[in-house]
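Structure, as structure tokens:
Here is the naming used below: chain letters follow the sequence lines, and residue numbers restart at 1 for every chain.
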Number of protein chains: 2
Amino acid sequence: MNDNEVIVYKLRQIKNMLSGYLVRVLPQYGITPIMMYTIEFLRRNAEAKAVDVANEFGLTRGAVTQLLDKLEEQGLVIRKPHPTSRRSLQIHITNKGNELVDAILNAYNQEIDKLIKPYSSDDLALLRQLLDKLPL
Amino acid sequence: MNDNEVIVYKLRQIKNMLSGYLVRVLPQYGITPIMMYTIEFLRRNAEAKAVDVANEFGLTRGAVTQLLDKLEEQGLVIRKPHPTSRRSLQIHITNKGNELVDAILNAYNQEIDKLIKPYSSDDLALLRQLLDKLPL
DNA sequence: CACAAATTGCTTAATTACTAAACAGTATAT
DNA sequence: ATATACTGTTTAGTAATTAAGCAATTTGTG
């Protein structure tokens with residue numbers, strides 16, 4: 001295999017490892033991947049409406065209604081009136097929601113840290129430089 | 001953010017990008033991620049039984065029965081009698097199954113290739129060396 | 001301005017992927 | 001030989017999702 005093929009293969013392995021970890025661990029926190037991703041998305045986009053969540057994840061608006069129902073039942077988010085449009089929602093993340101996602105991300109990042117444990121600090125700096133070039 | 005944090009963040013972005021691509025593209029091929037992964041697993045483990053598929057993906061045996069039903073309906077695999085144990089199955093991937101997965105992997109790898117397009121061949125060699133150190 | 005068209009969120013019925021539990025046939029171990 | 005374990009299947013139920021339609025609101029246009 002040439003460099004290119006090996007790199008593609010390794011990136012897939014990284015993806016499978018990370019996906020697998022999330023799927024195994026999230027049930028312990030009582031939420032699903034889409035619930036986790038939604039809260040993360042709302043953190044990065046505080047002004048996002050329900051329809052934005054639908055577009056971000058390729059869900060229907062109906063699915064988002066029910067997703068928000070569950071998140072709200074668990075006290076992770078609160079639906080609020082939108083400040084400028086009465087047909088839209090503004091979705092507020094509760095302290096509980098933020099703390100839950102922080103805890104999950106913390107555990108998740110520790111898992112990823114295990115991956116890069118073999119690297120020296122020189123390697124890490126080099127890897128960072130290389131990853132910074134990715135068009136993400 | 002220090003090197004470590006940036007790397008963890010970038011690895012997550014890579015994972016999200018790859019997962020998202022698969023989820024968007026697989027429906028066009030008429031199969032689901034688990035169907036795709038199952039055929040890939042069976043390619044790497046020609047002697048695998050249904051119960052091995054269940055263990056590999058954390059499914060119940062009942063779920064695998066139905067998964068194989070679908071794969072067989074679409075002509076992607078064939079259940080065969082196991083050569084040594086009459087209570088087990090041997091699962092044969094058809095030409096159609098192999099060709100389908102080849103086509104998907106080809107498209108998928110091209111997508112990943114886009115990611116690493118910015119790299120010079122020196123960068124690629126370096127990146128490969130670094131990725132080779134990952135404990136995967 | 002008036003009113004048609006588009007947007008937004010919600011509801012409901014159906015679909016899909018899955019589990020849990022029970023079953024039948026087969027293999028293993030004592 | 002007989003109990004125990006393994007393998008795959010079936011069935012009923014659950015959870016996440018879509019599609020389609022509704023109501024309220026907003027936007028665009030004559």
Do D123(A) and S120(A) make a side-chain contact, defined as non-hydrogen atoms from C-beta onward lying under 4.5 Å apart?
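They are in side-chain contact.
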Please determine whether a side-chain nitrogen or oxygen atom of K70(B) lies at a distance below 4.0 Å from atom OP1 or OP2 of dA17(C).
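Yes, within the criterion.
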Looking at T60(B), I'd like to know whether one of its side-chain N or O atoms comes within less than 4.0 Å of OP1 or OP2 on dT19(C).
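It does, given that an N or O in the side chain of T60(B) lies less than 4.0 Å from OP1 or OP2 of dT19(C).
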[N] [atom2] sits how many Å from [X] [atom1], rounded?
| X | N | atom1 | atom2 | value |
| --- | --- | --- | --- | --- |
| E72(A) | dC10(C) | CD | C1' | 13 Å |
| D69(A) | dC10(C) | CG | P | 7 Å |
| E73(B) | dT16(C) | CD | P | 11 Å |
| L67(B) | dT16(C) | CG | P | 15 Å |

Reading DNA chain D from 5' onward, which residue's closest nucleotide shows up sooner: Q66(A) or L68(B)?
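Result of the comparison: L68(B).
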Please figure out whether R86(A) or M35(A) has its closest DNA chain D nucleotide nearer the 5' end.
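Upstream on the strand: M35(A).
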Please check: side-chain N/O of E5(B) versus main-chain N/O of N2(B), any donor-acceptor pairing under 3.5 Å?
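Yes; judged by distance alone, with no hydrogens or angles, the pair exists.
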Short side-chain to backbone donor-acceptor contact, D52(B) and K49(B), under 3.5 Å
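Checked: pair present.
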To the nearest 0.5 Å, what is the distance between OG1 (T38(B)) and CG (L76(B))?
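One finds 11.0 Å between OG1 of T38(B) and CG of L76(B).
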Just how far is it from atom CG of L71(B) to atom CD1 of I31(B), taken to the nearest 0.5 Å?
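Answer rounded to 0.5 Å: 7.5 Å.
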Lys/Arg N to Asp/Glu carboxylate O, K117(A) vs D113(A), below 4.0 Å:
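Judged by the 4.0 Å cut-off on N to carboxylate O distance, K117(A) and D113(A) do not form a salt bridge.
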R79(A) and D69(A) ion-paired at < 4.0 Å:
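Looking at D69(A) together with R79(A), the answer is yes, because their closest N to O distance falls below 4.0 Å.
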Under 4.0 Å from a heavy atom of chain B: give me the 5'-most and 3'-most nucleotides of DNA chain D that qualify.
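Span of nucleotides near chain B: dA5(D) to dT11(D).
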Identify the pairs formed between an N or O of the protein and an N or O of nucleotides 6-8 of chain C at a distance under 3.5 Å, and give each distance.
from   : atom 1 : to     : atom 2 : distance (Å)
dT7(C) : O2     : R87(A) : NH1    : 2.7
dT8(C) : OP1    : K49(A) : NZ     : 2.9
dT8(C) : O3'    : R87(A) : O      : 3.4

More than 12 heavy atoms of other groups within 6.0 Å of Y9(A) OH:
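Not more than 12 within 6.0 Å, no.
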Which residues pass the salt bridge (Lys or Arg N to Asp or Glu O under 4.0 Å) test with K114(A), sequence neighbours left out?
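For K114(A), the residues satisfying salt bridge (Lys or Arg N to Asp or Glu O under 4.0 Å) (neighbours in sequence not counted) are E111(A).
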